[in-house]
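Structure record follows, encoded as structure tokens.
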Amino acid sequence: MPFYSKTNALFRSAKPLPHAMSPREVFLHNLRIGSLGRAGQLDAARQLFDRMATRDTVSWNAILTAHWQNSDLEGSKRLFDSMPQRNTVSWNSIIAGCLENGRPDEALDYFAKMPLRNVASWNAIVSGLVKLDRFEEAERLFEAMPVRNVISYTAMVDGLARKGEVDRARDLFDRMPKKNAVSWAAMISGCVENGRYEEARYLFDRIPEKNLAAITAMITGYCKEGNVEKARGIFNGIRHKDLICWNAMMAGYVHNGHGEEALKLHIQMQKTGMKPDHATLIAVVTACSALGLLQQGKRTHAFAIKTKLLLNVSLCNALITMYSKCGCIGDSQFLFQNIQNRDLVSWNTIIAACSQHGDYDNVLSLFNEMEEKGMIPNEITFLSILSACRHATKVEESLNWFNLMMSKHRIHPRAEHYACLVDMLCRAGHLEKACKYIREMPYEAETSAWGAVLAACQMNSHVKLGELVAKKLILLDSRTSGAYVMLSNIYAADGMWREVVKVRGLMKQNGAKKQPGYSWIQIADKVHLFSVGDASHPDIDKILSELERIVFHMKMFSHYANLSL
DNA sequence: TTAGGGTTAG
């Protein structure tokens, strides 16, 4: 393009810049500073700014913005203080910078001090507060706005939907004086985020002009509903695909357990010449976690270092999970230690990883460390801690954590917390206590909680309780085989063969089938898949003899372990 | 200079 080739020639020049720059030259430099800032090249932007002999307010605004866009808010603030002249754009930029870097109070401070506000100033503060979950303040400012435009309304529609108030969002959307493509996309996305897929479809069919944002929201909607085929159909119909819709489709595959499809799509995307961003790599890494593809996960990690995408915390978090799921907990810990700007998810991720590896002591010290650093744990943190207690059979501790979560942190336990606790109590043989918690929980006990009790009944040969629980489970879900199988095992262990036959018959009658279990392992870029009773692997004899050897050693080990008790 | 689609933890 002629414009860029011309400007590139100007910027490549090693010659010192003239003492007085023409307005056109200043204009081109300002543009360049802006694009360098957006491309993550703060140093280059700064060099260019420093070399400019003539600067106008736009130049100052451009470099100020470049600093906060590259996480240097303090640098932006210093520039703001030293600017020879400020206009409304300068104020708007520093406010946006504070909001983007998660400092809403500072943004509000600047907003209060600014001499002249335009509609963009109001919109920036309203939408920024919405994004940082300070909805009430955003709403108050929205009400106080002297003038509102389509952007103000769209920001509020988004805010209401984020808060889960879809009806109010829809009401505001319907009452908007003017709608554009962005407003429609925001409303559809709001429906999708809150699981209102029918409404999303209804709106999507009524958009005056379909745009890629709305189409992408629909792709995500179908994926969340579990209908990846339909999503793929829409995706295939997009003529000019952008990075975000590729990312949405890949993430959709990953969340529905089709990691391989996601990776295939990633290869297709690469072939089109589209450059991946952090969200692309998150999808790839999450697919690797699910499939146990350590080598590909490592390659993606290396690529992220090379392209500086590893600066993204979410990607680091995804990699921590990948290493942990692939058995490399040491790599997870190393990565975690080296994250500069850890967020709550990072802490939850590493705690979950240690929990899954049975390292209760590390979970404990990580929790203490996170509290010391002022990080507030949430319900997921406690779920991981309870899960760690379960793995280590720490009965007393888990009850303490459960109480602490409610009393100190004011977190209401969810069904999953109860399920975890119940499962542990059952495994430890405290059946009565487990049933007490199930009765106490304010939810209809989920299959997982009752399933835990039934498994414990099987282990401890509790026929009466087992019968009761199995009946409940079959009532909740008659087509899953677990309850039938466990109940028939309980009967069998007690020699109640007539009952065994009855249960098996009932299972057949209700059409309950067992989902075959699979496991797989990656060796030198090849994935080997196994299912129960599967003898199709070319090296099956070697595999079986190795298994026998391992089982023999395990038995020996447990024999000696028992002797030492 | 302001609004929208994808992004990690159980």
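We name chains A, B, ... by the order of the sequence lines, and we start the count at 1 in each one. All values derive from a computational prediction rather than experimental measurement.
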Mind checking if [X] touches a base, just sugar-phosphate, or nothing, with heavy atoms under 4.0 Å?
{"X": "A:Asn61", "value": "nothing"}
{"X": "A:Asn87", "value": "nothing"}
{"X": "A:Ser346", "value": "nothing"}
{"X": "A:Ala352", "value": "sugar-phosphate"}
{"X": "A:Thr220", "value": "sugar-phosphate"}
{"X": "A:Ala213", "value": "base"}
{"X": "A:Thr349", "value": "sugar-phosphate"}

Donor-acceptor under 3.5 Å (A:His417 side chain, A:Phe382 main chain)
no
Test item: A:Asn101 side-chain N/O and A:Arg103 main-chain N/O as donor-acceptor pair under 3.5 Å:
no
Centre of A:Phe303's six-membered ring, under 6.0 Å away, within 45 degrees of the axis: is that where NZ or CZ of A:Arg299 sits?
no
N or O in side chain of A:His255 less than 4.0 angstrom from B:dT8 OP1/OP2:
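Yes, within the criterion.
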Would you mind telling me which of [options] lies closest to the side-chain atoms of [X]?
{"X": "A:Asp343", "options": "B:dA9, B:dT2, B:dT8", "result": "B:dT8"}
{"X": "A:Ser189", "options": "B:dG5, B:dT7, B:dA3", "result": "B:dG5"}
{"X": "A:Val345", "options": "B:dA9, B:dG5, B:dT2", "result": "B:dA9"}
{"X": "A:Asn317", "options": "B:dA9, B:dG6, B:dT8", "result": "B:dT8"}

Give a yes or no on whether a donor-acceptor pair under 3.5 Å exists between the nucleobase atoms of B:dG4, that is its base, and the side chain of A:Asn211.
yes
For the side chain of A:Asn180 and the base of B:dA3, is some donor closer than 3.5 Å to an acceptor across the two?
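Indeed there is one.
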Pairing of A:Glu225 and A:Arg201 as salt bridge, 4.0 angstrom limit:
yes
